[in-house]
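Keep in mind that the numbers below use all heavy atoms, side chains included, and drop hydrogens, waters and symmetry copies. Quick note on labels: first sequence line is chain A, next is B, and so on, each numbered from 1. This structure is a prediction, so every number in the text was calculated from the model and none was measured.
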Amino acid sequence: MRWNKALIPTFKEDPSDAEVISHKLMLRAGIIKQLSAGLYTFLPLGWRAMLKAMKIIREEMDDIGAQEIFMPSLNPIEIWEETGRAKDMSEILFTFEDRKGHRNVLAPTHEEIITHIARDEIRSFRDLPQIWYQIQNKFRDEPRARFGLLRVREFLMKDSYSLCANWEQLDEIYNLHERAYRRIFSRCGLKYVVVGASSGLMGGSASQEFMVPSDAGEDSTVFCEKCGYAANTEVAESIPSEGSWVEFPGRKKIHTPFLKTVDEVSKFLGVPQNQMLKSLIYVSQKDGQPIMVLLRGDHQLNEEKLSRYIGGTVRPAHPEEVLEWFGVPVGFLGPVGVPKNIKILADKAFPIDKQFATGANEEDYHIVGWKLSEIPDVEFGDFRTVQEGEKCVKCGAPLSVKTTIEIGHIFKLGTRYSEAMGATFTDVDGEQKPIIMGSYGIGIGRILASAIELYADENGIIWPITIAPFEVIITALDVTKSDVVDVAEKLYADLRSAGVDVLYDDRDERAGTKFKDADLIGIPIRITVGRKVAEGNVEIFVRKDGSRQDVRVEDAVNRTVEIRKKLIEEIENKV
RNA sequence: CGGGGUGUGGCGCAGUUUGGUAGCGCACCUGGUUUGGGACCAGGGGGCCGGAGGUUCAAAUCCUCUCGCCCCGACCA
């Protein structure tokens, strides 16, 4: 491609409404252009990088025997009602009526459509297993699109689905995906970790996420440096800190006017924070019933864990609701003497035989000296969020918590969809059984964003060569000089013949502009054709390490091909 | 959805407090001088100031409503 004729709108200044590095650089480098909140056009450079990533994905998917298909994004809502997800996902589902008045959805994912195909086409265990995948735009009405390509409302996803006759097959195909995903992300030049995750709205048994550690990430992941344990905080476990505990001579009610927070009350009573019992009220979205959750005062609730326990989403109760149900304002709640119909859950990190201090269910009063073992009908579970520094459950080393970008997610779905939609097959024993499914997603735009987050420097993007929009840029300085142009043109033609992706900067711009632009858009190898052609030389510059070398014009193509090969190998060797 | 911010040529911003009909830098066009890290000189084009309504002789500026975008909190590739 000749830059002179290309659409590569670069900017010197940071755009005002970008926050994270990848977003700023993608806008500045002419990779993407925003249309509206969470909607972006991929400009030529961006789309070329996307195509590179897709090529890698297709190769690896095809390699595990997956078959590429293409499903409609426009779906009648009825199919989403069959599985109940029209309701479960209603918050993020784009829906609208067509001219006949039928309700439609723009698909946020494709389990339903896959199951629809499967229930018609799969008859026998002999038809299984199957892996079907597609690369398709997904639509999710995110409450808050942000951070450029990291969180958008329409995005390109590679999604695959496995259909199996038994659980062993599912394990096998799930593992195939895990391996394929490792290869895909490694070949895209990313650094990532595979972590245990929650299956959330997808349902199912096991799930793992592929995470790129980055400050721009929106997930938080717990890591053990020592043994390698890693899990999304939604599912992560840890050994809580010991805490310190005081003895109360007996049960007592204490006047605590205006003292509401754990911090205030613990100071006033002289009780360690960990010995305070924090009583939170949540509401089950399913039946609207209130739930009381008890935690150590120094711990934080994890809503995802709670909703998994409940089997449905939850929300914090409004203060008015609390007043209505308990007759006291938040801040003075406790498990002693709550109305009978209220479900009480306690986090297992609070020792059952230790005395606690908590609200008295009476305004301006707290109580001390009770134990959880004395509270009737309490259910125990893991409801807390792991905190930095707590001990690893596997090896006891201190854990760290980092933010991460989720680039891939694999799920063992089981029979949730096949049962809901009647997708069955005849097994060897002649029985009709629901197909056992798995689903596996990759956010392709996030691959690009992650690469930029990982490798950019103060001059701009540094693409891993495997997903770079171009592998080589020829920077012709002073295009008014015929010897420069002649050499540049010849290199351009010869490199393309050698199968190299080349961008030829043939613009009549000053050297500084061209160098800055080349750095900004992050092309891995730059060939500078300038005054050194007088001595028969050009310069080869490697973006990644800043190395430069002068080579004879006649050796330039070979040398460039060698460097390109080396850069690719550096990535491929890590696979 | 709640809270905060912002909207002025393609981009980044000033002007709004104190109404008088729009300005700066980058980019763009013409000519010239320059030419290995975002040049310089001269000239030029482009915006009725997010939208609607109102107040006023007069509105980017004041009032009302509305929309977009960004940021902070609950979801996901």
Considering only heavy side-chain atoms of A/E539, the closest of B/G36, B/C69, B/U35 is B/G36
Both A/G441 and A/D517 contact RNA chain B. Which one's nearest nucleotide lies toward the 5' end?
A/D517
Suppose you measure atom C1' in B/C72 against the same atom in B/U56; what distance do you get, rounded to whole Å?
40 Å
Shortest side-chain distance from A/V152, nucleotide among B/C71, B/C69, B/A77
B/A77
Taking the side chain of A/F11 as heavy atoms from C-beta outward, which of B/A39, B/C11, B/A77 is closest to it?
B/C11
Once you apply a heavy-atom cut-off of 4.0 Å, does A/G530 come out as touching a base, just sugar-phosphate, or nothing?
base
A/E234 versus A/N302, side-chain donor and acceptor atoms under 3.5 Å
no
Is there a donor on the side chain of A/R144 or the base of B/G3 sitting less than 3.5 Å from an acceptor on the other?
no
What interatomic distance, in whole Å, is found between C1' of B/G7 and the corresponding atom of B/C49?
10 Å
Just by distance, no angles: are the side chains of A/W80 and A/E82 close enough, under 3.5 Å, to form a donor-acceptor pair?
no
Regarding A/F147, tell me which of base, sugar-phosphate or nothing describes its non-hydrogen contacts under 4.0 Å with the strands shown.
sugar-phosphate
May I ask you to verify if any side-chain N or O of A/T109 is less than 4.0 angstrom from the OP1 or OP2 atom of B/A77?
no
Are A/Y133 and A/H177 linked by a side-chain donor-acceptor pair shorter than 3.5 Å?
no
In the strands shown, is B/U16 matched to any nucleotide by a Watson-Crick or G-U wobble pair with both distances under 3.5 Å, and which?
none
Nearest-nucleotide check on RNA chain B, A/P15 vs A/E209; residue mapping nearer the 5' end is A/P15
Is a side-chain donor-acceptor pair under 3.5 Å present for A/E111 with A/S439?
yes
Whole-Å C1' distance, B/G9 and B/A22:
11 Å
Between B/C62 and B/U6, how far is it from one P atom to the other, in whole Å?
13 Å
Anything under 30° is parallel, anything over 60° is perpendicular, the rest tilted; go ahead and classify A/H23 against A/Y40.
perpendicular
Tell me what A/T475 touches on the nucleic acid: a base, only sugar-phosphate, or nothing, going by heavy atoms under 4.0 Å.
nothing
Of the listed B/C72, B/G36, B/G12, the closest approach to the A/K532 side chain comes from B/G36
Look at the rings of A/F210 and A/F185 and say which category their plane angle falls in: under 30° parallel, 30 to 60° tilted, over 60° perpendicular.
tilted
If you check the A/R548 side chain, which of B/A74, B/C69, B/G37 turns out closest?
B/G37
Taking atom P of B/U34 as reference, at what distance in whole Å does atom NZ of A/K481 sit?
11 Å
If B/C75 has a Watson-Crick or G-U wobble mate with both distances under 3.5 Å, name it; if not, just say none.
none
Provide the distance between the two C1' atoms, one in B/G73 and one in B/A77, to the nearest whole Å.
22 Å
When rounded to whole Å, the CG to C1' distance for the pair A/N302 and B/C75 reads 13 Å
Take atom CD1 of A/I57 and atom P of B/A77, then tell me their distance rounded to the nearest Å.
15 Å
Does the structure show a Watson-Crick or G-U wobble partner for B/C69, both distances under 3.5 Å? Name it, or say none.
B/G5
What I want to check is whether the side chains of A/E112 and A/N75 have a donor and an acceptor closer together than 3.5 Å.
no
Atom P, compared across B/A27 and B/U66: separation rounded to whole Å:
41 Å
Between B/G37, B/C75, B/G12, spot the one nearest the side chain of A/S16, thanks.
B/G12
What about A/R531, does its side chain sit under 3.5 Å from the base of B/U35 through a donor-acceptor pair?
no
Sub-3.5 Å pairs of nitrogen or oxygen atoms, protein against nucleotides 23-28 of chain B:
| unit_1 | atom_1 | unit_2 | atom_2 | d |
| --- | --- | --- | --- | --- |
| B/G25 | N2 | A/E13 | OE1 | 3.2 |

Side-chain donor-acceptor contact under 3.5 Å, A/D545 with A/S547
yes
Can you find a side chain N or O atom of A/Q136 that sits less than 4.0 Å from OP1 or OP2 on B/A77?
no
Distance between P atoms of B/C69 and B/C11 (Å, rounded)
15 Å
A/E142 has a side chain; which of B/A77, B/G36, B/G38 sits nearest to it?
B/A77
Do A/Y192 and A/S186 pair up side chain to side chain, a donor and an acceptor below 3.5 Å, judged on atom types alone?
yes
Considering only heavy atoms and no angle criterion, is a donor-acceptor pair shorter than 3.5 Å present between the side chain of A/D519 and the base of B/G37?
yes
Need one value for A/D14: base, sugar-phosphate or nothing, where a base atom within 4.0 Å counts as base even if backbone is also close, heavy atoms only.
sugar-phosphate
Report yes or no: is there a donor-acceptor pair, N or O only, under 3.5 Å between the side chain of A/D17 and the base of B/C71?
no
What contact category does A/L477 fall into here, base, sugar-phosphate, or nothing, at under 4.0 angstrom with non-hydrogen atoms?
base
With no hydrogens and no angle check, do the side chains of A/T475 and A/D505 hold a donor and an acceptor under 3.5 Å apart?
no
Would you mind reading off the distance between A/Y192 atom OH and B/A77 atom C1', rounded to a whole angstrom?
17 Å
Are the side chains of A/Y492 and A/D506 in contact, using a 4.5 Å heavy-atom criterion?
no
Roughly, in whole Å, what's the span from CG in A/L448 to P in B/A77?
18 Å
Go ahead and name the base partner of B/C48; Watson-Crick or wobble counts if both distances stay under 3.5 Å, otherwise write none.
none
Taking atom C1' in both B/G20 and B/U61, compute the distance separating them and give it to the nearest angstrom.
11 Å
Regarding the side chain of A/R510, the nearest nucleotide among B/G38, B/G36, B/A39 is B/A39
Any donor-acceptor N or O pair under 3.5 Å, side chains A/K24, A/S22:
no
Looking at the side chain of A/D478, which of B/C75, B/G38, B/U35 is the nearest nucleotide?
B/U35
Determine which nucleotide pairs with B/U30, using a 3.5 Å limit on both distances of a Watson-Crick or G-U wobble pair.
B/A42
Tell me what A/R153 touches on the nucleic acid: a base, only sugar-phosphate, or nothing, going by heavy atoms under 4.0 Å.
nothing
For A/K516 and B/G38, what is the distance between atoms NZ and P respectively, to the nearest whole Å?
6 Å
What is the distance, to the nearest angstrom, from the CD atom on A/E535 to the P atom on B/G36?
14 Å
Would you say the base of B/G73 and the side-chain of A/R315 have a donor-acceptor pair closer than 3.5 Å?
no
Side-chain atoms of A/R446 come closest, of B/C70, B/C76, B/C72, to B/C76
Could you state the atom-to-atom distance from NZ of A/K514 to C1' of B/U35 in whole Å?
11 Å
